[in-house]
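Proteins get letters first, then strands, A, B, ... in listed order; numbering begins at 1 in each.
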Number of protein chains: 2
Amino acid sequence: MARSSDPTRTRIVAAASRLFYAEGIRAVSVDAVAESAGITKKTLYYHFRSKDDLVAAYLAARDQPNLALFKRWFEESEGAFPDRIAAIFINLAAAARHPKWRGCGFLRTTAELANLPGHPAIKIGAAHKKKFEAWLQAMFEAEAIAGAAELARQMLLLLDGAFAVVLLHRDASYMETAAEAARALVAAALARRAKAGKTTRRTAARRAS
Amino acid sequence: MARSSDPTRTRIVAAASRLFYAEGIRAVSVDAVAESAGITKKTLYYHFRSKDDLVAAYLAARDQPNLALFKRWFEESEGAFPDRIAAIFINLAAAARHPKWRGCGFLRTTAELANLPGHPAIKIGAAHKKKFEAWLQAMFEAEAIAGAAELARQMLLLLDGAFAVVLLHRDASYMETAAEAARALVAAALARRAKAGKTTRRTAARRAS
DNA sequence: CAATGTATACTGACCAGTGAATATACCTTG
DNA sequence: CAAGGTATATTCACTGGTCAGTATACATTG
């Protein structure tokens, strides 16, 4: 029964990813996915119970690679800490300029399936964004920033706002605006840490990982 | 030929708005809209050339009322200028807690129709967001804020990010996080103005948190 | 042989859009 | 003013096509 290493299953998910990301969920038929994968629809239904399962698999397959990319962009960046956070947005701006870019697959799927709140794909999307937020928060805590959790949420808002707005206007410069806002908010948080001195309760958040 | 004051046409658009916002575009059939409006499909096609036209009419009908609501929320707010900007987000947080809330109709339509970049509905959505941004920018300029344009764009990013994230997690508290970020960014911009200029028009940009 | 995997061909429902006809309201013009 | 015309507005019944999902049978292989 279809493990995730199964080559046929992998091909199906790859085809589904291509099509769902490019066209949207309800705009892509199961037949189209099967044909793009070079198999028949029945084979697809051997590997997936329903189209909903296939949609969930599409997002599940994007989860780790997406997170890894963000982390890599941060790790390969240089400069002061706020600049390194901003670097994530700058890299994303470059990606958004590619003609096949269509925003965030998780967000777009959520928007399209907003009438099905318990849909498995939405749960996967929510978990993905929570992981990203948690990673940011941990990094902010490592920098001994006091409001690490709130700052991480603010970064998420800027990121997802940029996804939405850049897609709407087809203007990647909004991603750079987000980078600036992120840099400003992180820098301000760092400045508060520096000024606050020893009166605040930063002791609990100081040590790195 | 069907003016926008036409009562039948108005009924159709009202039904379309209800259904498209609640369920999404491709999830709602033209038959469903017609039935909900209490007419036949052919009558609908008498008033609208195609489903795409109907989708555009749905968003066009939301444009002015949405903008008016945001402006009203600002005008009815009290306190210092950054708090009044934040008030928009706070009001939106309350709206997002209603069970029938499904995010921003413009953004969700854009996400669903991302494979049709020139779609008339997307143009209407883009124009709507541009109007909102221009309104913010004008207000920031009235406050003599130097980077008014960029600050307006940052507000837009926070707003649309909050739309997306609140919809994803079904957690309206992210809207309040966005309010805080907005307040911080606006207050910082005001502080820069105060430092740079010669104390022209002091608004008490004092934050509580 | 039995389990796994794939294919052909089908089902019943639904979809966007249309053809032909009808009703209504207003506007000529004899 | 009345007879006839024309544009507006609406309905029923339909088309060609697509959709998610399935019944059944064939193939491969350990």
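- Computed from coordinates, the B:L54 CG to C:dG17 C1' distance equals 13 Å when rounded to whole Å.
- Following rounding to the nearest Å, B:D53 (CG) and C:dG17 (C1') show an atom-to-atom distance of 13 Å.
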Write down the protein N/O and nucleotide N/O pairs, taken from nucleotides 21-24 of chain D, whose separation is under 3.5 Å; answer none if there are no such pairs.
residue	atom	partner	partner atom	Å
D:dG21	OP2	A:Y45	OH	2.8
D:dG21	OP2	A:K51	N	3.0
D:dG21	N7	A:K41	NZ	2.8
D:dG21	O6	A:K41	NZ	2.5

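- The distance from atom CZ of A:F48 to atom P of D:dA20 is 15 Å, rounded to the nearest whole Å.
- Taking side-chain N and O atoms only, B:T8 has a distance below 4.0 Å to OP1 or OP2 of D:dT10.
- Counting only residues at least two apart or in different chains, salt bridge (Lys or Arg N to Asp or Glu O under 4.0 Å) contacts with residues 104-117 of chain A are absent.
- Atom CZ in B:R26 sits about 16 Å away from atom C1' in C:dC14, given to the nearest Å.
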Please table the atom pairs, donor to acceptor, closer than 3.5 Å between any side-chain atom in residues 56-68 of chain A and protein atoms at least two apart or in another chain.
residue	atom	partner	partner atom	Å
A:D63	OD1	A:H128	ND1	2.7
A:D63	OD2	A:K131	NZ	2.4

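- Atom-to-atom, CG of A:L44 to P of C:dT8 comes out at 15 Å; the value is rounded to the nearest Å.
- Checking C:dG5, C:dA7, D:dT11 against the side-chain heavy atoms of A:Y46 singles out C:dG5 as nearest.
- Under 4.0 angstrom from either OP1 or OP2 of D:dT11 there lies at least one side-chain N or O belonging to B:T43.
- Residue contacts shown for A:V28 are limited to sugar-phosphate atoms, with no base heavy atom under 4.0 Å away.
- For NZ of A:K130, the number of neighbouring non-hydrogen atoms (other residues, nucleotides, ligands) closer than 6.0 Å is greater than 12.
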May I have the list of side-chain donor-acceptor pairs in residues 92-101 of chain B shorter than 3.5 Å, sequence neighbours left out?
residue	atom	partner	partner atom	Å
B:R97	NH1	B:E176	OE2	3.0
B:R97	NH2	B:E176	OE1	3.4
B:R97	NH2	B:E176	OE2	3.4

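- In this entry the distance linking CG of B:L19 with C1' of C:dC15 reads 16 Å, nearest Å.
- As a whole-Å value, the separation of B:I39 CD1 from C:dG17 P is 15 Å.
- Screening residues 160-188 of chain B for ring-ring contact (aromatic ring centres under 6.0 Å, His included), with sequence neighbours left out, gives B:H169-B:Y174.
- Under the rule for a side chain to side chain donor-acceptor pair (under 3.5 Å), the partners of A:E23 that lie at least two apart in sequence or sit in another chain are B:N115.
- Under a 4.0 Å N-O distance rule, the pair A:E150/A:R153 does not qualify as a salt bridge.
- Within 4.0 Å (heavy atoms only), B:S29 reaches sugar-phosphate atoms of the nucleic acid but no base atom.
- The interatomic distance linking B:R11 (CZ) with D:dT10 (C1') rounds to 13 Å, in whole Å.
- Between A:H47 and C:dT4 there is no side-chain N or O to OP1 or OP2 distance below 4.0 Å.
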